[in-house]
Amino acid sequence: MFVSFQRVFTLSEKSWSGSLTAGLLVNLFRENCVSLDWDKDGDILAVIAEKSSSIYLWDANVNKTSQLDSGMKDQMSFLLWSKTVPLLAVGTSKGNLLIYNQQTSRKIPVLGKHTKKITCGCWSSQNLLALGSEDRSITISNHEGDTIRQTSVRADPADVQFSVMKTDERSSPGESTVSVALGKKTLFLFNLNDPDNPIELAFQQRYGNIISYRWYGDGYIMIGFSHGYFVVISTHIREIGQELFQAHNHKDSLTSIAISQSLNKAASCGDNCIKIHDLTDLKEMYAIVTLDEETKGLDQMCWTDDGQLLAVSSQQGSLHVFLTKLPILGDSSGTRIAYLTSLLEVTVDNQVEGESPVAIAVEVEPSFIAVGPYHVAVGMNNRAWFYALGDSGVERVKDTEYLGTVASMCLNCDYAAALFEGKVQLHVIDGDEQVVQEDRQTKLFPEPDQKYRILSHALTSEFLYYGTDTGLIQCFYFEDWQSVNEYRHTVGVRKVFPDPNGTRLVFIDEKSDSFLYCPVNDSVFEIPDFSPAIKGVLWENWFSNKGVFVAYEEDKAYTYAFHKDTIQGSKVILVGATKLPFSHKPLVLHNGELTCQTQSGKINSVVLNTHSFLNNPHSDTSKDKLQSLLQQAIMLKRFSDAWNICKALNRTEAWGELGRACLHHMEVELAIRVYRMMGNVGMVMSLEDIKGIEDQNLLAGHLAMFCNDYNRAQDLYLTSSYPMAALEMRRDLQHWDSALQLAKRLDPDEIPFISKEYAIQLEFVGDYTNALAHYEKGITGNNKDHDESCLAGVARMSIRMGDIRRGANQAIKHPSRALKKDCGAILESMKQYSEAAQLYEKGQYYDKAASVYIRCKNWAKVGELLPHVTSPKIHLQYAKAKEADGKYKEAAMAYESARDWDNVIRILLEHLNSPEEAVRIVRETQSIEGAKMVARFFLRLSDYGSAIQFLVLSRCSDEAFQLAQQHGQMEIYADIIGSEATIEDYQSIALYFEGEKNHLHAGKFFQKCGQYNPILKHFLKCPSSDDSLAIEMAIETVGEAKDEALTNQLIDYLMGESDGMPKDAKYLFRLYMALKQYREAARTAIIIAREEQSAGNYRNAHDVLFSMYAELQTQHIKIPAEMATNLMILHSYILVKIHVKRGDHLKGARMLIRVSNNISRFPSHIVPILTSAVIECHRAGLKNSAFSFASMLMRPEYRNKIDLKYKKKIEAMVRRPDTSEVEEDSSPCPYCGFSLPDCELLCPGCKNNLPYCIATGRHMVKEDWCVCPHCDFPALISQFTQLLEAESVCPMCSEPLNVSEVKKVSDCSRYLQQDQLEC
């Protein structure tokens, strides 16, 4: 975006006829002008003309012309005034030189300076004169005309200039380099300090001829070429010859270049346009001015010294003058600004409120501007024009003349205040008497009797502030129409800047120091790091940030924040600095944005670096950048923005920083939110406790304490309504010196308690002297617990300080046991053993007392205390002492109390000859060393068995084995070693027994080794006396080995295949059980039971079948029907005895009937069983059944075997039969519910074999079901409980059983599974 230059005026070719120069030339002479030049002050114009030897001098101040005779015979060709003094140099066509001193009228002719025409030249700032001539030489002369340097060049010189070329070496002061354009092609650089090494720079041919060049900056040269090129080079020796910048500015031709150092701008002209560059960044085009009317092109151009005007001549003879910069004039009121946009135009704008800009045409170019809420004032010298701003437009109100030239002016709603010649005139703007009283229309400050000059002033809506050369700051209140406040500073006050409300004021004094003044309480705060170049101050207009202001200088703005309410008091801090663009004057500060006026008459916004967090999206910003933004927001007290930044950062450190800032600024509610977000429960609870405190000093004290600033917290507490908080804080922090000082002032009653606490700390760090003093100060005489604690401290410290008697007596008198222990420990550390032991004893610390007495060798006291001592170490020491004295019994008792069993055993064996007690102790304590000693004792007595036993106990297995082997005690050794032996031990024992032909023991120990082949071999070789045990162990071995070959070998042995002697079938049964071959075991069990039954061993048969039955059930194998039936019949037989014994003859008779019906299964006792059946049936009233069984007994094979006691009765029963029978009760089938006799076990309805009651032998009924908890066989609970009340064992498994253990089964379905009873 280019800046538009404003054309001020244009002089056409026709206008020159009446110009000053043209008139001068026409009036002075009739010849052509050769050269002219103004002197350094612009007062005198020197002119030379063709065919004249005179020099014409025209004084512009008096419009008078004088003529100076040069005395030269040849034509003058060159004329130039010095830059610093009134010296005029004149050159001639033949190379002669004249130097004329205007001040002294002295003329110095120098003949033969050159041999040909002098064409160009230049004065330096040191009054050196460089001349170029057609003789192709350059001369350097002093102001007297003496030649200092001379050099030849290759082409005609032109455009000679002095400057400084950059070199690596330290250059001499002054302009030491002469530059010349040679033949319009090259640039010649001649260093006066190095004349032998001139530099000639050539350029590209496409650039064309050198038209003009200019030095600028730090040794840079800007060159314009005829083909429109614009080039910049550096004269630094490292960069020389390199083009730093090149641009083709003009299409056809370039005619001139110009540089304005004050504007920092460069301009080139050519064709019909002017192009402006900024020297700080040449690549950026600053402005382009096109003159469409100049069809022949432009010619020369030049800038005024201040850069405000740029003049350009054209090939047509016109002169154009452009305004390149405006005077930067502007003012603000709130967010409204007024600024100069043209020499005769002022614009009023309010971008914050969204108002449209208003342009005001003014009558003169103003030198000052002021703006208020409703008015604008412009003026110059002693006159001001006032304009009213209204909805209908701008209206000029009036103009006012003042008593002097106005330096500055301020406006508010009603008044204007103008500063001139050390005075301020306050007057109304509109002059409406209805609005303002007559006596309040105007006022002049200061009063006539006040002898000071006003240096600065400012207006707010209600106050006029002004600062004076005596350092007085006066506040004038409009409503009361009088001064209401004043502040006297040490030096004069140059500038004042009140905030919009008038409650705070920044002022700058004559030392360029700055302060913030609060008129409300007359407090003054120095502003830190305040630059002496500051030009003005702007207060923040944003409603939420009133304490922020900006101080600005030429190119920088500094942001400050006034922190009014902090725990450290009010203060001003520097937040940061912002670089301002070139020539920007700040007018308004709003929400971190500066509105600035530029020299082109426009406004531009600059965002302060300190407010960059307002324009940074948090989601797109790096964490480190967010951290710096957080610090900015905190310094500006923008806590809502800081909160959002912390949420984006999501770092504990960031939240902690915000929390500390909230504490610093006493923002308690926000601090609670922050610490709650951090999860800092302790801080949240602490802040909740204090948030309602209205006393600001007390609140600030708490917050300072939370920030660990304890000294400040104390100061704040002491100025608060509760100064005791300072004492409480120091006590909590254990700052005892401070606490004591505070207690003297605030609460002397607390001194003893603080002294005690201080003494405790001093005691801890080892300062016993002071600790004793404070303990003594702590004694109150009326607080028992506290005084006891202090007296205890006195006792300890007295001992520490060497006053042992006092300390010990104090400790003995003191009721505390712990004190006696502590003092005893101190005395013990001091090697005062007697006193230490006494205190331990008094404190009932008997172990410690005995220990110290031992160190004193006071065995008598040790003996007295020994019953109370529990420490084994002390008993041990006592025991050693008694043993040394030969008192072995006491020594043994002491060793036993010390639980030193080895020494107890040693004393018992060696000195007390009490082996029985020694053996008892070894057995109880399992002492290894003690066992060794006992073993050696028995070995001396040749009691090898006991010796072996204790050798094993002492883990000397090898010695025990050898001893057993030597003395034939291996069986004892084997029994002793038990299950703790290793496989190697068992193998050694087995091999020993194998060598001794003891096959049973050899097999046993080979079995423990897991070597099955030799085991079985040894077991089968056992003699007949060990046959039963050997076969049992062989069966166990084969069961563990699960080896088919071993199994077959054992079966062959049991069947008699190997020795022709079959073994008992029970062994085969046990073998099958060990091998878990349950079906074969079941068949074998049936055979065994049948043999036992045939032999009359019915109980054995019952037990064999029951155990097999239970095993098959456990393995979930179906029970063979034959086994179930045999078990049922045998169980019925066993029940007979139980019922008969109980006198229940009917149940006994029923069971005998069942047994008699299967009488063939009882061949050994047919007659006795039938006899019992006849008797019991007869008793139970079952006459028909008795008759039936009696008839069987009458058979020839049984008749003679009947017991004679019953024979006649049975015969009579057969001769006179009674067939009456008591009918048997019926009950339902548990499967189908069919009603059948109680003792019937086969249901005619469902054909199921029914489960029977192990208590009665009857079939089961669903509603009366229970089971034995041991064998799980069913029983009728009503009958079973009756039976258990008499027998207390289960009739089936013979396990002890209590009635309370039997529970009724409500769901008997799992017991009614037929497959359990069938194969």
Side-chain angles (χ1 to χ4, degrees), residues 331 333 367-373 375 377-386 398-431 433 435-510 515 517-520 522 524 536-537:
D331 191 26
S333 174
S367 61
F368 63 85
I369 294 175
V371 64
H375 304 88
V378 298
M380 66 178 295
N381 296 333
N382 67 334
R383 192 171 180 185
W385 288 263
F386 293 88
K398 67 176 182 178
D399 61 286
T400 303
E401 289 190 8
Y402 299 94
L403 300 177
T405 301
V406 177
S408 63
M409 179 176 282
C410 301
L411 305 181
N412 65 11
C413 297
D414 301 316
Y415 290 94
L419 173 64
F420 56 87
E421 297 179 1
K423 298 179 175 60
V424 169
Q425 183 174 343
L426 178 69
H427 65 88
V428 294
I429 299 172
D430 291 341
E433 294 184 2
V435 176
V436 180
Q437 299 174 15
E438 183 177 352
D439 61 344
R440 298 189 177 189
Q441 293 283 327
T442 184
K443 186 173 179 65
L444 185 66
F445 302 92
E447 300 287 347
D449 59 337
Q450 295 173 329
K451 307 300 181 184
Y452 52 73
R453 285 176 53 80
I454 297 175
L455 303 181
S456 60
H457 77 301
L459 277 182
T460 68
S461 58
E462 297 180 349
F463 303 102
L464 164 67
Y465 286 98
Y466 60 83
T468 72
D469 59 347
T470 62
L472 177 67
I473 297 176
Q474 194 81 33
C475 175
F476 183 81
Y477 185 33
F478 298 133
E479 187 170 337
D480 294 345
W481 201 249
Q482 64 179 6
S483 294
V484 293
N485 187 274
E486 70 177 24
Y487 169 72
R488 293 192 178 275
H489 192 52
T490 54
V491 295
V493 176
R494 287 197 294 115
K495 294 180 181 179
V496 293
F497 305 96
D499 71 351
N501 297 326
T503 57
R504 295 165 189 159
L505 177 86
V506 172
F507 68 88
I508 304 173
D509 64 18
E510 289 183 336
F515 301 87
Y517 170 56
C518 295
V520 177
D522 274 346
V524 177
V537 171

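Start at 1 with the first residue, then count along the sequence.
Residues V406 and A418 come closest through the heavy atom pair CG1-CB, 4.3 Å. F478 and S461 make their closest contact through CD1-O, 3.8 Å (heavy atoms, listed as atom of the first residue, atom of the second, distance). For the pair V506 and V537, the tightest heavy-atom approach, listed with the atom from each and the gap, is CG1-CG2, 4.0 Å. When all heavy atoms are compared, the tightest approach of C410 to A458 is SG-CA, 3.8 Å. Counting all heavy atoms, side chain and backbone alike, E510 lies closest to L455 at OE2-CD1, 3.5 Å. For the pair Y465 and P498, the tightest heavy-atom approach, listed with the atom from each and the gap, is CD1-CB, 3.9 Å.
Side-chain contact between D499 and T460: absent, with no pair of heavy atoms (C-beta onward) separated by less than 4.5 Å. With a 4.5 Å cut-off on side-chain heavy atoms, F507 and V496 count as touching. Between L426 and F445 there is a side-chain heavy-atom pair separated by less than 4.5 Å. Residues W481 and F476 meet the side-chain proximity criterion, which asks for heavy atoms closer than 4.5 Å. Contact annotation: the side chain of D430 approaches that of H375 to within less than 4.5 Å [non-hydrogen atoms, C-beta and beyond]. Side chains of Y477 and L464 form no contact here, defined as non-hydrogen atoms less than 4.5 Å apart.
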- Dump the intermediate steps for side-chain contact (heavy atoms from CB on, under 4.5 Å) on E486 and L472, then the final yes or no. CA-CA 7 Å; E486 70 177 24; L472 177 67; 3.8 Å; yes
- Item | CA sep, side-chain torsions, deciding dist, call: T400, F386, side-chain contact (heavy atoms from CB on, under 4.5 Å) | CA-CA 8 Å; T400 303; F386 293 88; 3.6 Å; yes
- Task: Could you walk me through whether D399 and W385 pass the side-chain contact (heavy atoms from CB on, under 4.5 Å) test, one step at a time?
- Result: CA-CA 4 Å; D399 61 286; W385 288 263; 3.4 Å; yes
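Looking at N485, its side chain never comes within 3.5 Å of a backbone N or O of C475 through a donor-acceptor pair. Side-chain atoms of H457 come within 3.5 Å of backbone N or O of A417 as a donor-acceptor pair. Formation of a donor-acceptor pair under 3.5 Å by the R494 side chain with backbone atoms of D509 is found in this model. With hydrogens and angles ignored, the 3.5 Å screen pairs no side-chain donor or acceptor of R488 with any backbone N or O of T470. In this structure, D469 contributes its side chain and G492 its backbone to no donor-acceptor pair below 3.5 Å.
Here the CG atom belonging to L505 is positioned 5.5 Å from the CD1 atom belonging to I473, to the nearest 0.5 angstrom. Atoms CE and OG, from M380 and S367 in turn, are 6.0 Å apart once rounded to the nearest 0.5 Å. Distance check, rounded to the nearest 0.5 Å: CD of E462 to OG1 of T503 gives 10.5 Å. The line from OH of Y415 to CD of Q425 is 13.0 Å long, rounded to the nearest 0.5 Å.
Every residue two or more places apart in sequence or in another chain was checked for a side-chain contact (heavy atoms from CB on, under 4.5 Å) with E421, and none qualifies. In terms of the side-chain contact (heavy atoms from CB on, under 4.5 Å) criterion, residue partners of P446 (sequence neighbours excluded) are, by chain and number, K423, Q450, Y452, I454.
Here the two rings, on Y402 and H427, have centers that are under 6.0 Å apart. For H489 and F515, the gap between ring centers is short of 6.0 Å.
The neighbour count for E447 CD, taken as heavy atoms of other residues, nucleotides or ligands under 6.0 Å away, is above 12.
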